[in-house]
Amino acid sequence: MLDVKMVREQPDRVRERLASRGAGDEARLDDVLALDEERRAALAEVESLKAERNRSSKEIGALMAQKKLEEAETRKQQVREIGARIAALDATLDGIETRRHDLLSRLPNLPHASVPPGRTADDNPVVREWGTKAEFAFDPLPHTELCQRLRLVDFERGTKLSGSGFLLYTGWGARLERALIQFLLDLHTREHGYTEVSPPFIIGRDCMFGVGQFPKFEDQAYAVREGEDNGSLGKLYLLPTAEAPVANIHRDEILAEADLPIRYAAYSPCFRAEAGAAGVGTRGMIRVHQFDKVELIKIVRPEEGYDELEKLVANAERVLQLLGLHYRAVLLCTGDMGFASAKTYDLEVWAPGQGQYLEVSSCSNCEDFQARRMALRYKNSEGRNVLPHILNGSGTALARLFVALIETHQQADGSIRIPEPLQPFLGTDVIRP
RNA sequence: GGAGAGAUGGCUGAGUGGUUUAAAGCGCACGCCUGGAAAGCGUGAGUGGGCUUAUACCCCACCGGGAGUUCGAAUCUCCCUCUCUCCGCCA
């Protein structure tokens, strides 16, 4: 959520930054400003009436103590009228505040000044490349073929169980998935200084609102029904990313400055309805309704936000380097960024069997956008409450990493060579048919 | 799932309709005292919003959340959530 005071004081800058996203959000800015103005006018009026009522009620108490009952009755009648006006104004004010909050909560974050202008993913500059595209003396197979030959994933039966977009990992495939999760968690906790947390996979609305998933992207979430028909549908949701619960761990708290920076690493499955994306790139494991991910979350002082973002990206890149996977880092342009983010790097790993790069990590600094939504603050050395920057990054998403891994390290005999750092976790150096 | 008890500031805990602008204690910060400390004494200290150059003053709201009664609600009524104890069920 944007700071209303900032919107009020720098409307032109806010308008320009919103416009740079190219989603037309700046069109709603005038409504926000008008509602804000209305709110403050109504607030001034109702507050002065309340002050008057408070004074009068106190006087009535004094009159009654002095047994001046008739005078007290007269005053009561007067205050009753004030009360009626307050009730009416409060109702008006409530409507204004609801509309203002709703509008404001649907406005995306402002892109940081260092974010390149652009409209689509084609405008994202590549900021870094590591390794080179794997060369093969044979025709590399796509992961779907590899999975079937090595019995790593049973696509048909996954679909039988839960519909398209759900995977049944089998044998070495299931074991590889588990090994990757453990490899990632150990890497980030032992070498990168993150504290491991394991959050609930079913979460409340407040978590979804806090990170900016709700109210705008409600149709993307799976809602959970508790029991048969007790009306609880919609209160709880399957998490779309561990970012949602983990970033909210300290919601509605005032941390000490010494608590920062906070760094969490969390494994979770991620559930995404992908409404409207049916039939687009749905083959195999590239786009699915459920995938595993290790997510990294940081809560830091604003002055350290962007240094921490660079470190976060480096932590995610380390994963791909250790697994010997060629990748590139791109900086998302203004038009391609997510709702809550002020600046985002994506890591795209090369998948030889696909002949394309796959997004396996997205690392963002959301600045204070989420902290404001969830009322997360820390007390600084001057005793003021400050909104920290909240960062999130995939470290990394698994189904696609799995794809890049087996496609990159496939060998002529149909086996998969396992990169050395992963071998202790999997218990083998090669997966054979 | 059933029965009971409870939710007040950083913590403990008083307050059951009006000087409560929420007592008191502990803890905290600063000052005095001291060679230094402890003790003692004094002062201060919550969150959000409005006004404002202001993190000054003043005003509004906040005693788990929401609705209601009243001139006036921490206090009375209703609903919800959560915590604790006991019972049942259960990986």
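The figures here come from the full heavy-atom set of this structure, side chains too, leaving out hydrogens, waters and symmetry mates. Naming convention: chains lettered A, B, ... in sequence-line order (proteins, then strands); numbering from 1 in each chain.
B/U77 and B/U70 have their P atoms separated by 16 Å, with the value rounded to a whole Å. The separation of B/A24 from B/G44, taken at their P atoms, amounts to 13 Å, rounded to a whole angstrom. Atom C1' of B/G72 sits at a distance of 15 Å from the matching atom of B/U21, rounded to the whole Å. Rounded to whole Å, the P atom of B/G65 lies 27 Å from the corresponding atom of B/U55. Across the C1' atoms, B/C28 and B/A45 are found 9 Å apart, a figure rounded to whole Å. Here the separation of B/A23 from B/G10, taken at their P atoms, is 14 Å to the nearest Å. Rounded to whole Å, the separation between the P atoms of B/G31 and B/C84 comes to 42 Å. B/C63 and B/U8: their C1' atoms are spaced 4 Å apart (whole Å).
Checked against ring pair (Phe, Tyr, Trp, His ring centres under 6.0 Å), A/Phe183 has the following partners two or more places apart in sequence or in another chain: A/Phe425. With sequence neighbours left out, A/Phe166 forms a ring pair (Phe, Tyr, Trp, His ring centres under 6.0 Å) with A/His289. Applying the salt bridge (charged side-chain N to carboxylate O under 4.0 Å, His left out) test to A/Arg251 and every residue at least two apart in sequence or in another chain returns A/Asp206. Among residues two or more places apart in sequence or in another chain, the salt bridge (charged side-chain N to carboxylate O under 4.0 Å, His left out) test is passed with A/Asp429 by none.
Defined by atom type and a distance below 3.5 Å, a donor-acceptor pair is present between the side-chain atoms of A/Glu310 and A/Tyr345. Side-chain polar atoms of A/Tyr306 and A/Glu367 form a donor-acceptor pair below 3.5 angstrom.
Under 4.0 angstrom from either OP1 or OP2 of B/C71 there lies at least one side-chain N or O belonging to A/Arg80.
Between A/Lys58 atom NZ and B/G17 atom P the separation is 18 Å, expressed in whole Å. When rounded to the nearest whole Å, the span between CG of A/Leu255 and C1' of B/G46 equals 16 Å. Distance A/Lys379 NZ to B/A29 P: 14 Å, rounded to the nearest Å. When the C1' atom of B/A61 is taken as reference, atom CZ of A/Arg53 falls 11 Å away, rounded to whole Å. The nearest whole Å value for the distance from the CG atom in A/Asp252 to the P atom in B/G10 is 12 Å. One atom, CZ of A/Arg75, and another, C1' of B/U70, lie 16 Å apart when rounded to the nearest Å. A/Asp206 places its CG atom 14 Å from the P atom of B/G65, with the value rounded to the nearest Å. The separation between A/Glu52 atom CD and B/C60 atom C1' is 14 Å, rounded to whole Å.
For A/Gln77, the CD atom counts as densely surrounded, since its 6.0 Å shell holds more than 12 non-hydrogen atoms of other residues, nucleotides or ligands. Around CZ of A/Arg157, the count of heavy atoms belonging to other residues, nucleotides or ligands within 6.0 Å does not exceed 12.
A residue-by-residue look at A/Val46 and A/Gly61 shows that A/Gly61 has its nearest nucleotide of RNA chain B further toward the 5' end.
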statement: 5' to 3', nucleotides 48-59 of chain B under a 4.0 Å protein heavy-atom cut-off (B base, S sugar-phosphate only, - none) gives SBSS---B---B

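Residues A/Val300 and A/Asn365 are not in side-chain contact: their nearest non-hydrogen atoms beyond the backbone lie 4.5 Å or more apart.
In this structure, the side chain of A/Ser162 does not engage the main chain of A/Thr159 through any donor-acceptor pair within 3.5 Å.
Helical stems involving RNA chain B, defined as 3 or more consecutive Watson-Crick or G-U pairs under 3.5 Å, span B:1-7 with B:81-87, B:10-12 with B:24-26, B:28-32 with B:40-44, B:46-50 with B:58-62, B:64-68 with B:76-80.
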